[in-house]
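Below is one structure, written out as structure tokens, with a few remarks after it.
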Amino acid sequence: MLSKPAHLYLIPTPLVAPTPEAIVQSLPVVVISRISSLTCFYVENAKSARAFLQSVNALSPLAAPIQQLNLQEFNKDTPSDAIAALLAPLKKGRAVGLLSEAGAPAIADPGAPLIAAAHAAGIPVEPLIGPCAILLALMASGQNGQSFAFNGYLPISDAACISALKRFESRAHAERQSQIFIETPFRNESLLKKIIQHCNEKTLLTIAAQLTDPKEFVMTRSIKEWALAPLPTLHKIPCIFIFGKPA
């Protein structure tokens with residue numbers, strides 16, 4: 001599939017290790033074909049991007065050898081005044097792909113400023129179909145999918161974290177709006193203990209861990225039920241949490 005000139009493609013990646021098998025299960029054939037047609041990419045980390053593209057190459061030969069691809073890093077540490085230079089390939093008429101580390105670009109991901117700059121420069125932006133852990137968790141939760149908010153990462157300090165949890169819980173109860181949030185994987189288990197200790201026992205809590213992996217775990221219970229049951233092992237495991245109001 002030929003790529004359109006001066007076009008920014010937003011490329012999702014598997015939520016698990018990007019083997020050829022995982023890519024086939026996560027991405028439509030047309031998306032795999034689109035990726036293989038590109039020779040320039042914005043990536044969060046060049047090493048992991050090469051691993052993903054190597055697996056794509058096993059399914060659909062890339063337009064150039066891996067070592068000849070133009071991989072430009074864009075991540076949370078990229079200064080805002082570097083964005084203009086990064087847009088140079090697009091302004092010269094090249095098609096470029098923006099790769100997420102896992103899941104959908106710019107969703108709990110640092111790609112948004114680059115995308116905004118592309119819009120400001122009049123460059124077409126096209127999102128491609130693929131996995132998004134946040135939406136998969138909400139789909140499987142049984143909670144309100146008509147009104148929901150993604151709140152991102154929780155504050156690090158205990159006091160600020162507990163305050164944020166209470167704020168999300170209040171909003172879930174008052175507005176019947178599902179409140180989605182995440183934590184750095186090595187703090188997941190301590191977060192779950194805070195929720196059980198400080199939140200209303202009637203509040204619904206969804207835990208969605210290792211989505212799309214064979215060990216995937218998704219469960220919605222009241223906080224009281226979570227407190228009485230054996231807790232899942234969440235240490236260093238990617239996880240989504242959702243608060244909701246009981247029926």
Side-chain angles (χ1 to χ4, degrees), residues 10 12 15 76 100-113 115-116 119 125 127-213 216-235 237-247:
L10 310 185
L15 302 177
K76 61 182 179 60
S100 174
E101 277 289 280
I107 307 297
D109 182 86
I115 297 168
H119 283 299
V125 175
L128 302 182
I129 296 170
C132 175
I134 297 161
L135 293 181
L136 290 174
L138 182 61
M139 288 164 59
S141 70
Q143 304 221 49
N144 190 358
Q146 299 294 328
S147 178
F148 56 91
F150 175 60
N151 297 284
Y153 287 92
L154 290 168
I156 294 175
S157 77
D158 285 347
C161 179
I162 292 166
S163 176
L165 289 171
K166 288 183 176 295
R167 185 169 65 253
F168 302 157
E169 184 180 42
S170 176
R171 195 179 302 157
H173 283 241
E175 303 177 27
R176 286 192 174 274
Q177 183 182 70
S178 299
Q179 299 295 309
I180 309 169
F181 51 96
I182 54 179
E183 182 54 284
T184 301
F186 71 85
R187 287 198 288 266
N188 278 339
E189 291 191 346
S190 62
L191 172 62
L192 182 53
K193 291 176 183 177
K194 289 187 184 77
I195 291 172
I196 290 172
Q197 182 178 356
H198 296 282
C199 293
N200 188 314
E201 65 177 17
K202 294 182 180 180
T203 297
L204 293 180
L205 170 65
T206 299
I207 299 175
Q210 293 182 287
L211 291 166
T212 73
D213 186 88
E216 176 179 283
F217 173 88
V218 184
M219 179 66 69
T220 299
R221 293 171 169 160
S222 70
I223 290 175
K224 180 179 180 179
E225 289 170 330
W226 281 115
L228 295 174
L231 296 180
T233 299
L234 301 178
H235 186 58
I237 292 174
C239 191
I240 306 285
F241 298 89
I242 307 175
F243 277 163
K245 182 177 181 179

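Predicted, not measured: the structure shown is a model, and the values here were computed from it.
When all heavy atoms of Ile134 and Ala108 are compared, the pair lying nearest together is CD1-CB, 4.3 Å. Of all non-hydrogen atoms in Ile240 and Ala133, the two that sit nearest each other are CG1-O, 4.0 Å. When all heavy atoms of Pro232 and Leu192 are compared, the closest pair comes out as CD-CD2, 4.3 Å. Listed here is the closest heavy atom pair of Ala106 and Ala112: CB-N, 3.8 Å.
Counting heavy atoms from C-beta on, the side chains of Leu191 and Leu154 come closer than 4.5 Å. In this structure, the side chains of Cys161 and Lys194 come closer than 4.5 Å at one or more pairs of heavy atoms. Using a 4.5 Å cut-off on side-chain heavy atoms (C-beta onward), Tyr153 and Thr184 make contact. Side chains of Pro12 and Ser100 form no contact here, defined as non-hydrogen atoms less than 4.5 Å apart. Taking 4.5 Å as the limit, some side-chain heavy atom of Thr233 sits within range of a side-chain heavy atom of Glu189. In this structure, the side chains of Asn144 and Gln177 stay at 4.5 Å or more apart for every pair of heavy atoms. A heavy-atom distance below 4.5 Å is not found between the side chains of Cys239 and Phe217. Inter-residue side-chain proximity for Val125 and Leu10 is flagged as met; some heavy-atom pair is nearer than 4.5 Å.
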Show your reasoning for whether side chain to side chain contact (heavy atoms under 4.5 Å, CB included) applies to Leu15 and Asp213. CA-CA 8 Å; Leu15 302 177; Asp213 186 88; over 6 Å; no
Steps toward side chain to side chain contact (heavy atoms under 4.5 Å, CB included) verdict (Leu205, Arg221): CA-CA 6 Å; Leu205 170 65; Arg221 293 171 169 160; over 6 Å; no
For Ile207 and Val218, run side chain to side chain contact (heavy atoms under 4.5 Å, CB included): C-alpha distance rounded to whole Å, both residues' side-chain angles, the deciding distance at 0.1 Å, then the answer. CA-CA 6 Å; Ile207 299 175; Val218 184; over 6 Å; no
Test log, rule side chain to side chain contact (heavy atoms under 4.5 Å, CB included), inputs Phe243 and Ile223: CA-CA 10 Å; Phe243 277 163; Ile223 290 175; 4.3 Å; yes
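With Phe241 as the fixed residue, the side-chain contact (heavy atoms from CB on, under 4.5 Å) test singles out one of Thr206, Asn188, Ile180: Asn188.
Atom CD of Gln143 sits about 10.0 Å away from atom CD of Gln179, to the nearest 0.5 Å. Considering OG1 of Thr203 and NE2 of His173, their distance stands at 2.5 Å, rounded to 0.5 Å. Here the CG-CG distance, from Leu136 to Leu211, works out to 6.0 Å after rounding to the nearest 0.5 Å. For the atom pair Glu169 CD and Leu204 CG, the distance stands at 10.5 Å (nearest 0.5 Å). Between atom OG of residue Ser170 and atom CG of residue Leu165 there is a gap of 12.5 Å, rounded to the nearest 0.5 Å. Here CG of Leu138 is found 5.5 Å from OG of Ser178. Values are rounded to the nearest 0.5 Å.
For Leu231, the CG atom counts as densely surrounded, since its 6.0 Å shell holds more than 12 non-hydrogen atoms of other residues, nucleotides or ligands.
When ring centroids are compared, Phe181 and Phe150 stay outside the 6.0 Å threshold.
Panel note: side chain Glu175, backbone Ala172; no donor-acceptor pair is recorded below 3.5 Å.
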